[in-house]
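Owing to the predicted nature of the structure, the values given are computational and were not obtained by experimental measurement.
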Amino acid sequence: MPVSTDDRIEELRAAGVELVAGSLTDPAGVTRAKYVPLRRLSAFQRSGMGVSPSWSVFCVDTGIAFTPTIGVAGDLRIRIDPDQVRIIDDGIAWAPGSLTEQEGAPAALCLRSLLAAKERAAAELGLEVRVGAELECTMIAPDGSPASTGSWSPYGIRTSLDRSAFLVDLAATAERAGLQVEQIHTEYGHDQLEVSLAPTTPVEAADAVILARIVLSRAASRHGLRISFAPVPFEGAAGNGAHLHLSLADETGPLLSGGDGPHGIRPAGGSAIAGVIDTLPDLIGVYAGSALSALRLKPGNWAGAAACWGLENREAAVRFIAATPGSPYGANAELKLIDPSANPYLAAAAFLGSALRGIDHGLALPPEIPENPAQSSEPPPPLPTGQREAIEALENSTVAAELLTPEVVEALVAVRRYELTTYGPLTPAETTQALRLAWSC
Ligand code: GLU
Ligand code: MG
């Protein structure tokens, strides 16, 4: 039974909480927040805190990409559920916000509600959905320069133990916040870190991504570090992915195992993977559409820049993970193409929505690409990885409008087009410098 708000306030007060944040993550992928003193927690639920509709077209910097339908007039609300408030640290607690109309109905541009609608659509089809997230990020110095200058060893015990005080603090802060961290390691890129989260229901998984970004950033700041979630933090550096894992099950069991297809994939599971691959050209602007995304989406970066699938294939957009004892949560499809400039609610809605569409249309699973697609005798058709091409594909896509609504596509296109105009003329070194902290919490 949910505790009353008064009881929740007392619990939080006992834990030293003074301020409660409710955050929204916008189409540009930036997380913004308003706060109330703890005693006003119920107001955050009842009336919500006011935000201008322009919050949906705020850009990666201080720009605002007004559209014909989103201007300066009007008022929307951030509402939070007191049961979802998590203790962060230093008197701060946080909950994921939903964007609502003043009366309380979800706003057209509430991306969290969009994902919730996809989750409901799956449930109506009798499907249980699980989503797991990986967060790659880069430790940087407070002034935005590299955190370290010495040699780096990917996954190195040295490179992780060098940061043990931070990592222990991170684990403890996550635990206190109720964040289900599965694994932590230093990654391939210089000063790069990865945190993977346990699979859960889609909205909870996207909420967990935001919580993880907050927890990572708070713990890092206590150890003289900042955390960059830029798709590429420095020119020439390894990219940061924001891979999502998806699994689906009906009343007879998982769709991605136990069947007669390749690696045990059942027909509906094959259609789900086909649906994801089919929509990649249209939705790449959702998954990896920022001014820095194209720097990462290159062959050889394990960023899944090829529109195909393959068992444990890290160069394929969809890496298939089969049900084995080595996969504790069972078979799943990992969409590697996504980077952290993507709004996690929107990316998950696009991923799940395109899988459901594939099932609905009975799409056939394309042939597997078991090797590096760049070396394949039948390479997949190229994706529109450049920002201009990705924006145009998104803007002209009927599938994107159908899956994500025309309003959401309009807002996303507006903020990404602003980036193209502002950062397109700059060099990669200038753009990485300008946007290194754009998606940080
Ligand atoms: N850093 C890679 C990316 O940009 C992924 C590396 C990996 O497979 O974990 O997505
Ligand atoms: Mg990784």
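- Contact check on R218 versus D169 returns no salt bridge, with no Lys/Arg side-chain nitrogen under 4.0 Å from an Asp/Glu carboxylate oxygen.
- N240 and Q192 share a side-chain donor-acceptor pair at under 3.5 Å.
- Residues N372 and S376 have side chains that never bring a donor and an acceptor to within less than 3.5 angstrom of each other.
- Heavy atoms from other residues, nucleotides or ligands lying under 6.0 Å from CD of E368 number more than 12.
- Side-chain contact, T159 with T186: a donor N or O sits under 3.5 Å from an acceptor N or O.
- For the pair R86 and W94, the cation-pi test (distance below 6.0 Å, angle within 45°) is failed.
- Using modelled atom types and a 3.5 Å distance limit, the side chains of S327 and T324 yield no donor-acceptor pair.
- Side-chain contact between V203 and E119: present, with at least one pair of heavy atoms (C-beta onward) separated by less than 4.5 Å.
- No side-chain N or O of N332 forms a donor-acceptor pair with one of S247 less than 3.5 Å apart.
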Query raised in the report: T138 and I227: side-chain contact (heavy atoms from CB on, under 4.5 Å), yes or no, with the steps?
Result: CA-CA 6 Å; T138 307; I227 298 294; over 6 Å; no
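- Taking a 6.0 Å sphere around CD of E128, one finds it holds 12 or fewer heavy atoms contributed by other residues, nucleotides or ligands.
- Using a 30° and 60° split on the angle between ring planes, F166 and H223 fall in the tilted class, from 30° to 60°.
- Here I369 contributes atom CD1 and Q375 contributes atom CD; the two are 12.0 Å apart, rounded to the nearest 0.5 Å.
- A side-chain N or O of T100 and one of R79 form a donor-acceptor pair less than 3.5 Å apart.
- Under a 4.0 Å N-O distance rule, the pair R417/E395 qualifies as a salt bridge.
- Taking the six-membered ring where the residue is Trp, H190 and W152 present tilted rings, their angle falling between 30° and 60°.
- A perpendicular orientation is assigned to the rings of H263 and W309, their planes being inclined by more than 60° (bins at 30° and 60°).
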Query raised in the report: Between T201 and V129, does a side-chain contact (heavy atoms from CB on, under 4.5 Å) hold up when you go through it step by step?
Result: CA-CA 6 Å; T201 54; V129 186; over 6 Å; no
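- Between the CD1 atom in I64 and the OH atom in Y418 there is a gap of 9.5 Å [rounded to 0.5 Å].
- Checking D339 against S293 by side-chain atom types alone, a donor-acceptor pair falls below 3.5 Å.
- The pair R357-D278 meets the salt-bridge criterion, with a side-chain N (NZ, NE, NH1 or NH2) lying under 4.0 Å from an Asp/Glu carboxylate O.
- Of the inter-residue distances, the one linking L283 atom CG with L337 atom CG reads 10.0 Å to the nearest 0.5 angstrom.
- Side chains of S98 and S113: a donor-acceptor N/O pair is absent below 3.5 angstrom, by distance only.
- Residues S341 and F229 have side chains not in contact (no heavy-atom distance under 4.5 Å, counting atoms from C-beta outward).
- With hydrogens and angles left out, the side-chain atoms of Y188 and E136 include no donor and acceptor closer than 3.5 Å.
- More than 12 heavy atoms of other residues, nucleotides or ligands lie within 6.0 Å of CZ in R163, so this atom counts as buried by the packing criterion.
- Annotation: E402, atom CD; neighbour count of heavy atoms from other residues, nucleotides and ligands within 6.0 Å is above 12.
- In summary, the side chains of E410 and T69 do present a donor paired with an acceptor at a separation below 3.5 Å, with no hydrogens or angles considered.
- Stacking of R130 on the aromatic ring of Y329 is not recorded, the 6.0 Å distance cut-off and the 45° axial limit not both being met.
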Requested in this report: Please report the C-alpha distance between Y423 and L435 in whole Å, then the side-chain angles of each, then the deciding distance to 0.1 Å, and finally whether the side-chain contact (heavy atoms from CB on, under 4.5 Å) criterion is met.
Outcome: CA-CA 9 Å; Y423 299 100; L435 299 182; 3.7 Å; yes
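- With hydrogens and angles left out, the side-chain atoms of R213 and T25 include no donor and acceptor closer than 3.5 Å.
- Enclosure of atom CZ in R388 is not indicated, since only 12 or fewer non-hydrogen atoms of other residues, nucleotides or ligands lie within 6.0 angstrom.
- Here D89 does not pair with R176 in a salt bridge; the nearest charged N to carboxylate O distance is not below 4.0 Å.
- For the pair L99/R112, no side-chain contact is recorded, criterion being any heavy-atom separation below 4.5 Å from C-beta on.
- None of L246, N313, L335 except one satisfies the side-chain contact (heavy atoms from CB on, under 4.5 Å) rule with V318; the exception is L335.
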Requested in this report: Output, in order, the C-alpha distance, side-chain angles, deciding distance and verdict of side-chain contact (heavy atoms from CB on, under 4.5 Å) for L24 and W55.
Outcome: CA-CA 9 Å; L24 292 174; W55 272 46; 3.8 Å; yes
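- Side-chain atoms of D191 and S148 include a donor-acceptor pair closer than 3.5 Å.
- Using a cut-off of 4.0 Å between Lys/Arg side-chain N and Asp/Glu carboxylate O, R266 and D250 are scored as salt-bridged.
- Rounding to the nearest 0.5 angstrom, the gap separating the CZ atom in F351 from the CD atom in E334 is 8.5 Å.
- Taking CD of E312 as the reference point, atom CD1 of I321 lies at 5.5 Å (rounded to 0.5 Å).
- Nearest approach of I284 to A390, heavy atoms of both residues: CG2-CB, 3.8 Å.
- Atom CG of L412 sits about 8.5 Å away from atom CG of L404, to the nearest 0.5 Å.
- Annotation: side chain of D26 is not in contact with side chain of L111 (no heavy-atom distance under 4.5 Å).
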